[in-house]
Amino acid sequence: MAENILDKFKTDQEGEAAIDTSKKLKIGIIGTGWIAEAHMDSYLRMPDVEIVAGADLIPGKAEAFFKRFGLENVRCYPSHKEMLDNEELDAVSVCTYNRQHVPCAKYALEKGVHVLLEKPMCVTLEEAVDLCRTEKASGKVLSIGFQPRFDANMKMIKKIVESGELGDIYYIQTGGGRRRGIPTPFGTTFIEEQTAGLGALADIGCYSLDMVLNAIGYPKPLTVTGYKSDFFGTRPSYYPTHPEYAEKFGVDDFAAAFVRLEGGIILDFRIAWAMNLDTPGDTIIMGTKGGLRIPSTECWNGSVGGPMKIYHEVAGAQVETEIPIIEDNANLFDRKIRTFLDAVKNGGSAPVPTSQILYNQAILSSIAESARLGHEVEVEIPEI
């Protein structure tokens with residue numbers, strides 16, 4: 001019986017479409033920190049791309065970045081505005097720290113340039129709405145950098161929900177995190193309020209939310225009761241070699257929330273950069289016909305921690321159906337870059353559209369606001 005159920009979830013291998021190399025897309029990179037390296041790795045594997053320009057606020061950083069990749073003729077600028085004012089680009093990757101996401105993406109869209117914007121989309125709901133309106137006015141592609149969506153196991157979660165095997169969804173528990181994993185090896189831009197704005201909540205929380213919200217069709221958030229803390233990040237002993245980082249820490253290292261979604265769905269969420277546990281729990285999607293358990297990972301990495309399991313009834317008997325892990329060795333960043341480039345070239349829609357991530361950002365922003373106020377907040381999203 002279980003085998004018959006599993007037949008519903010068999011996957012077809014994705015075929016790779018031929019890439020037209022007769023016209024190369026001219027690409028610029030805004031922000032040349034560590035995440036830009038992943039973008040560059042993928043762009044260099046794309047035969048229809050030419051990296052022509054880059055921008056970074058730190059003098060000499062962009063030049064050194066492109067030199068490491070063997071690109072000596074890339075034109076470098078001290079700001080995104082100078083680059084976009086002086087270059088004819090087809091698209092840009094925005095790889096800056098969180099608080100610069102919207103200014104850079106907006107200016108590019110206003111210049112008629114397509115944008116691949118790294119996650120999180122931004123820091124506040126107001127910023128997200130402003131960016132979405134700019135995107136709409138520009139008519140250009142704006143896609144958000146959620147590469148876990150392209151993982152075969154993530155796609156399986158959505159397929160299970162859409163199959164109807166779980167019935168009507170009414171409760172979701174999700175989250176994840178790290179026992180010790182505040183991202184300071186790359187400096188302090190992740191932990192300072194003036195550059196990051198949000199901490200674990202936005203850095204990995206946005207991924208965790210997207211995993212389940214995408215699976216259930218991104219219902220609108222209605223109310224949020226949020227909590228966040230910084231017990232680890234503000235402790236000098238956490239940073240044996242850089243105790244001064246504790247004074248710079250201005251974001252959250254843990255956050256939790258109770259979210260009411262349209263359709264009567266409850267979302268129970270928690271995320272951590274640091275905690276005294278190995279995991280805050282598996283992801284659970286409960287429905288009127290069945291429940292799905294998605295094992296957590298040791299460090300939230302955009303996939304699942306082991307075979308998933310559906311708890312349901314078959315012929316009156318309570319049974320469990322294990323969904324085997326799909327071995328997917330494809331580079332998710334390559335898929336993220338490729339789908340974006342295809343949308344740019346073919347006039348298609350954004351692979352990860354802002355119409356969905358707007359709701360993701362609304363939840364993140366509302367968690368922070370609720371935590372600040374100490375009570376539940378209503379989520380009000382203006383028309384775009």
Side-chain angles (χ1 to χ4, degrees), residues 31 33-36 38 94-105 116-132 142-149 174-178 181-184 186-214 218 221 224-230 232-234 248-257 259 267 269-275 280 299-302 336 352 354 356-372 377 379 381:
W34 73 275
I35 195 63
V94 176
C95 303
T96 63
Y97 51 78
N98 298 351
R99 285 203 179 276
Q100 280 299 305
H101 281 187
V102 169
C104 295
L116 176 57
L117 175 60
E118 257 307 325
K119 62 79 193 170
M121 186 177 183
C122 48
V123 176
T124 70
L125 175 58
E126 291 75 19
E127 287 180 318
V129 170
D130 187 25
L131 181 58
C132 289
L142 170 59
S143 189
I144 313 300
F146 281 73
Q147 68 274 1
R149 279 213 192 176
T174 194
R178 310 160 183 163
I182 296 175
T184 51
F186 310 105
T188 60
T189 55
F190 274 90
I191 67 171
E192 293 190 62
E193 201 282 334
Q194 64 185 2
T195 51
L198 297 171
L201 184 56
D203 179 39
I204 52 179
C206 66
Y207 281 148
S208 183
L209 288 174
D210 189 64
M211 175 174 68
V212 293
L213 293 176
N214 184 48
Y218 256 100
V224 173
T225 300
Y227 167 86
K228 60 189 182 79
S229 58
D230 58 3
F232 292 85
T234 55
K248 295 184 177 183
F249 197 92
V251 293
D252 56 278
D253 54 38
F254 175 80
V259 184
L267 174 63
F269 166 78
R270 70 294 303 266
I271 201 76
W273 269 344
M275 57 185 169
C299 173
W300 211 99
N301 62 4
K336 175 168 76 173
V352 183
T354 57
Q356 294 177 350
I357 309 306
L358 176 63
Y359 287 0
N360 187 303
Q361 191 65 47
I363 293 173
L364 298 176
S365 179
S366 296
I367 292 172
E369 180 67 2
S370 173
R372 185 182 69 83
V377 298
V379 182
I381 304 174

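The figures here come from the full heavy-atom set of this structure, side chains too, leaving out hydrogens, waters and symmetry mates. Note that this is a predicted model, so its numbers are computed, not measured.
Scanning all heavy atoms of the two residues, the minimum distance from Ala255 to Leu201 falls at CB-CD1, 3.7 Å. Contact between Met275 and Ala272 at its shortest, heavy atoms only, is SD-CB, 3.7 Å. Annotation for Ile35 and Cys95: closest pair CG2-CB, 3.6 Å, computed over non-hydrogen atoms. The minimum heavy-atom distance between Leu267 and Val212, with the atom names listed, is CD1-CG2, 4.2 Å. Of all non-hydrogen atoms in Leu125 and Ala362, the two that sit nearest each other are CD1-CB, 3.8 Å. Taking each heavy atom of Gly205 and Leu364 in turn, the nearest pair found is C-CD2, 4.5 Å.
Side-chain contact between Tyr227 and Phe254 is present, with heavy atoms from C-beta onward closer than 4.5 Å. Counting heavy atoms from C-beta outward, Asp230 and Phe249 have side chains that approach closer than 4.5 Å. Thr184 has its side chain out of reach of Phe190: every pair of non-hydrogen atoms, C-beta onward, lies at least 4.5 Å apart. The side-chain heavy atoms of Arg178 and Pro183, taken from C-beta on, include a pair separated by under 4.5 Å. Side-chain contact between Cys206 and Met211 is absent, with no heavy atoms from C-beta onward closer than 4.5 Å. The shortest distance between side-chain heavy atoms of Thr354 and Leu131 does not fall below 4.5 Å.
Under the rule for a side-chain contact (heavy atoms from CB on, under 4.5 Å), the partners of Arg99 that lie at least two apart in sequence or sit in another chain are Tyr97, Val123, Glu193. Taking Ser143 as the reference, nothing meets the side-chain hydrogen bond (donor to acceptor under 3.5 Å, both in side chains) condition, with sequence neighbours excluded. Applying the ring-ring contact (aromatic ring centres under 6.0 Å, His included) test to Phe146 and every residue at least two apart in sequence or in another chain returns Tyr207. Not a single side-chain hydrogen bond (donor to acceptor under 3.5 Å, both in side chains) links Asp252 to another residue, sequence neighbours left out. The side-chain contact (heavy atoms from CB on, under 4.5 Å) search around Thr188 returns Ile191, Glu192, Tyr245, Lys248, not counting sequence neighbours. For Ala257, the side-chain contact (heavy atoms from CB on, under 4.5 Å) criterion is met by Val224, Val259, Phe269, Ile367, not counting sequence neighbours. Applying the side-chain contact (heavy atoms from CB on, under 4.5 Å) criterion to Pro103, with sequence neighbours excluded, gives Gln100. Applying the side-chain hydrogen bond (donor to acceptor under 3.5 Å, both in side chains) criterion to Lys336, with sequence neighbours excluded, gives Glu118, Gln147. Glu126 is linked by a salt bridge (Lys or Arg N to Asp or Glu O under 4.0 Å) to nothing, counting only residues two or more places apart in sequence or in another chain. For the salt bridge (Lys or Arg N to Asp or Glu O under 4.0 Å) test, residues two or more places apart in sequence or in another chain that qualify with Asp210 are Arg149.
Checking side-chain atoms of His101 against main-chain N and O of Leu117 turns up no donor-acceptor pair under 3.5 Å. Judged by distance alone, with hydrogens and angles left aside, the side-chain atoms of Asp253 form a donor-acceptor pair with the main-chain N or O of Phe232 at under 3.5 Å. Under the 3.5 Å distance criterion, the side-chain polar atoms of Thr195 are matched with a main-chain donor or acceptor of Thr189. Using a distance-only test at 3.5 Å, with no hydrogens or angles considered, a donor-acceptor pair links the side chain of Arg270 to the main chain of Pro280.
Considering OG of Ser370 and NZ of Lys228, their distance stands at 10.5 Å, rounded to 0.5 Å. Distance CH2/Trp34 to CZ/Phe186: 5.0 Å, rounded to 0.5 Å. In this structure, CD in Gln194 is found 12.5 Å from CG in Asn98, a value given to the nearest 0.5 Å.
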Could you check Gln361 against Ser366 for side-chain contact (heavy atoms from CB on, under 4.5 Å), going step by step and ending with a plain yes or no?
CA-CA 8 Å; Gln361 191 65 47; Ser366 296; over 6 Å; no
Under the side-chain contact (heavy atoms from CB on, under 4.5 Å) rule, what do Tyr359 and Val379 come out as? Steps first, then yes or no, please.
CA-CA 9 Å; Tyr359 287 0; Val379 182; over 6 Å; no
Walk me through whether Val352 and Ile357 qualify under side-chain contact (heavy atoms from CB on, under 4.5 Å).
CA-CA 8 Å; Val352 183; Ile357 309 306; 3.7 Å; yes
Between Leu213 and Ile363, does the side-chain contact (heavy atoms from CB on, under 4.5 Å) criterion hold? Intermediate values first, please.
CA-CA 11 Å; Leu213 293 176; Ile363 293 173; 3.8 Å; yes
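We find that Lys119 and Asp203 are joined by a salt bridge, their nearest charged nitrogen and carboxylate oxygen being less than 4.0 Å apart.
In this structure, a donor-acceptor pair under 3.5 Å is present between the side chains of Ser208 and Thr174.
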